[in-house]
Amino acid sequence: SVRADAAARTAVDPAAGAPPRSFDPSTLDVRHFINLKNGVEAIPTLRAVGIDDYAFVRIQSTLCEVGDMEKMLLELDANLLVSLALGYSCVVYDYGSRDKKRGVPRSLWYGLEFTRFALNRYWFAGTGEPAEAGSTNHNHSPVLRGKRVDADFRRKLSSLSKSAKKRIKYYRKFVPQEVLDTYPGVRLVGAYAATDKDDDEGFYAETLRGWCAPTTAVSTTAVSTTAASTAVTTAVSTMAKVSPPRTEAEVAAALEGMGLSMFYGGEHDEEWTNRWVHHREATTAAAEA
């Protein structure tokens with residue numbers, strides 16, 4: 001069982017003390033979160049690589065699009081917030097339909113970026129209050145599509161209602177001291193692919209029921225009429241043979257081997273950062289000409 005495996009991994013000689021915590025992806029334990037609704041498409045892939053322990057979250061791209069970050073934060077699942085507080089690497093799965101080339105949904109490049117910024121400010125500043133502008137204490141500089149947005153995010157954070165701030169602060173009590181001392185912040189990662197099923201409500205409902213409803217065996221008939229049937233069949237035939245990846249590095253390797261991409265944050269989104277570097281270089285060259 002997952003609990004037994006976790007207990008075995010953390011069992012140490014009392015005389016030796018607790019093992020040191022690390023932010024190294026090769027050592028970070030992972031918890032998985034399916035973003036409703038498009039992230040449901042990832043379930044057959046997760047099962048195919050041996051991952052069957054996941055929860056659900058709802059980070060709405062539409063809320064990010066209109067800038068309602070308070071409502072987005074208020075809708076975050078308690079399981080996700082507790083897992084982040086405890087020091088797990090949390091991978092959120094979603095599929096995008098607007099960015100036809102890369103498939104990165106707004107829930108990841110905007111929603112995760114703001115969530116990471118808000119939690120780091122309230123949990124890792126040392127006071128339970130947002131870190132001051134310019135502070136280097138566990139600060140993550142947020143980036144959206146290649147542009148730094150510190151000022152905009154600070155403004156959005158300061159405009160949160162008292163109840164929203166209280167909800168975020170509530171989970172800080174669960175952050176172990178060793179995490180506060182050794183982690184640069186929460187570890188929140190996205191996994192994504194492009195989709196052409198964004199408007200197919202039936203597909204998501206059938207896939208979710210087929211894989212997650214309480215039955216004695218996974219039903220493939222519920223999704224047999226969809227393009228996912230091949231992936232489902234593959235997953236069913238390999239589930240018993242695959243040992244699930246445990247660490248973030250192992251998870252990333254398994255997912256990328258199945259065609260998904262990882263999103264580690266805006267500052268690591270090379271396509272967009274390179275685009276702005278080239279834009280600045282061209283602008284500078286034009287000005288000097």
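Numbers for residues simply follow the sequence, beginning at 1.
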Task: With sequence neighbours excluded, residues passing side-chain contact (heavy atoms from CB on, under 4.5 Å) with E201 - done: K37
Open item on the list: Between E70 and S161, do the side chains contain a donor N or O and an acceptor N or O under 3.5 Å apart?
Closed with: yes
Task: Pair S107, D94: side-chain N/O donor-acceptor within cut-off below 3.5 Å - done: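 Side-chain D/A pair, S107 to D94: present.
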What is the distance from atom [atom1] of [X] to atom [atom2] of [Y], rounded to the nearest 0.5 Å?
X    : Y    : atom1 : atom2 : result
R121 : S158 : CZ    : OG    : 10.5 Å
R187 : D29  : CZ    : CG    : 13.5 Å
L108 : F263 : CG    : CZ    : 7.0 Å
L157 : I168 : CG    : CD1   : 6.5 Å
L36  : I59  : CG    : CD1   : 10.5 Å
L208 : I34  : CG    : CD1   : 9.5 Å

With clusters defined by side-chain heavy atoms of hydrophobic residues (ILVMFWY) lying less than 4.5 Å apart, directly or transitively, does [Y] cluster with [X]?
X    : Y    : value
Y110 : L74  : no
V179 : V82  : yes
L180 : L81  : yes
Y170 : L188 : yes

Task: side chain to side chain contact (heavy atoms under 4.5 Å, CB included) evaluation trace for M262 with V189 - done: CA-CA 7 Å; M262 306 302 293; V189 178; 3.6 Å; yes
Beyond-backbone contact of [X] with [Y], side-chain heavy atoms, under 4.5 angstrom:
X    : Y   : answer
P244 : D52 : no
F117 : M69 : no
P105 : N38 : no
Y88  : L28 : no
L255 : L46 : yes

For [X] versus [Y], what's the shortest heavy-atom pair and its separation?
X    : Y    : result
V40  : Y204 : CG1-O, 3.7 Å
C90  : L80  : CB-CD1, 3.8 Å
A118 : L73  : CB-CD1, 4.3 Å
T45  : M258 : CG2-CB, 3.6 Å
A85  : P176 : O-CD, 3.3 Å
C64  : M72  : SG-SD, 3.9 Å

Open item on the list: Checking side chain to side chain contact (heavy atoms under 4.5 Å, CB included) between L160 and each of K166, K165, R167, which is the one that passes?
Closed with: K165
Task: Trace of the salt bridge (charged side-chain N to carboxylate O under 4.0 Å, His left out) decision for D68 with K71 - done: CA-CA 6 Å; D68 193 348; K71 187 173 182 180; 5.6 Å; no
- [ ] May I have all residue pairs that pass ring-ring contact (aromatic ring centres under 6.0 Å, His included) and include part of residues 28-48, sequence neighbours excluded?
- [x]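 Counting only pairs at least two positions apart or across chains, the ring-ring contact (aromatic ring centres under 6.0 Å, His included) contacts touching residues 28-48 are H32-Y93.
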Task: Summary of ring-ring contact (aromatic ring centres under 6.0 Å, His included) pairs that have at least one residue in residues 46-83, sequence neighbours excluded - done: none
Open item on the list: Quick one: does any side-chain atom of E65 pair with a main-chain N or O of S61 as donor and acceptor, under 3.5 Å?
Closed with: no
Open item on the list: Is it the case that the side chain of R172 and the backbone of W123 share a donor-acceptor pair, with hydrogens and angles ignored and the cut-off at 3.5 Å?
Closed with: yes
TODO: Decide yes or no on side chain to side chain contact (heavy atoms under 4.5 Å, CB included) for V143 and V149, but give the supporting numbers first.
DONE: CA-CA 6 Å; V143 177; V149 290; 6.0 Å; no
Open item on the list: Regarding E41 and K197, does a basic nitrogen lie under 4.0 Å from an acidic carboxylate oxygen?
Closed with: no
Task: Salt bridge present between E206 and R209 (N-O < 4.0 angstrom) - done: no
Task: Cation-pi, Y122 ring and K169 (6.0 angstrom, 45 degrees) - done: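 Because its charged atom misses either the 6.0 Å distance or the 45° angle limit, K169 does not stack over Y122.
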Task: Ring-face cation of K173 near Y171 (centre distance under 6.0 Å, axis angle within 45°) - done: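 Here K173 fails the 6.0 Å and 45° test against Y171.
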- [ ] Measure centre to centre between the rings of Y95 and Y192, then say whether the value is under 6.0 Å.
- [x] no
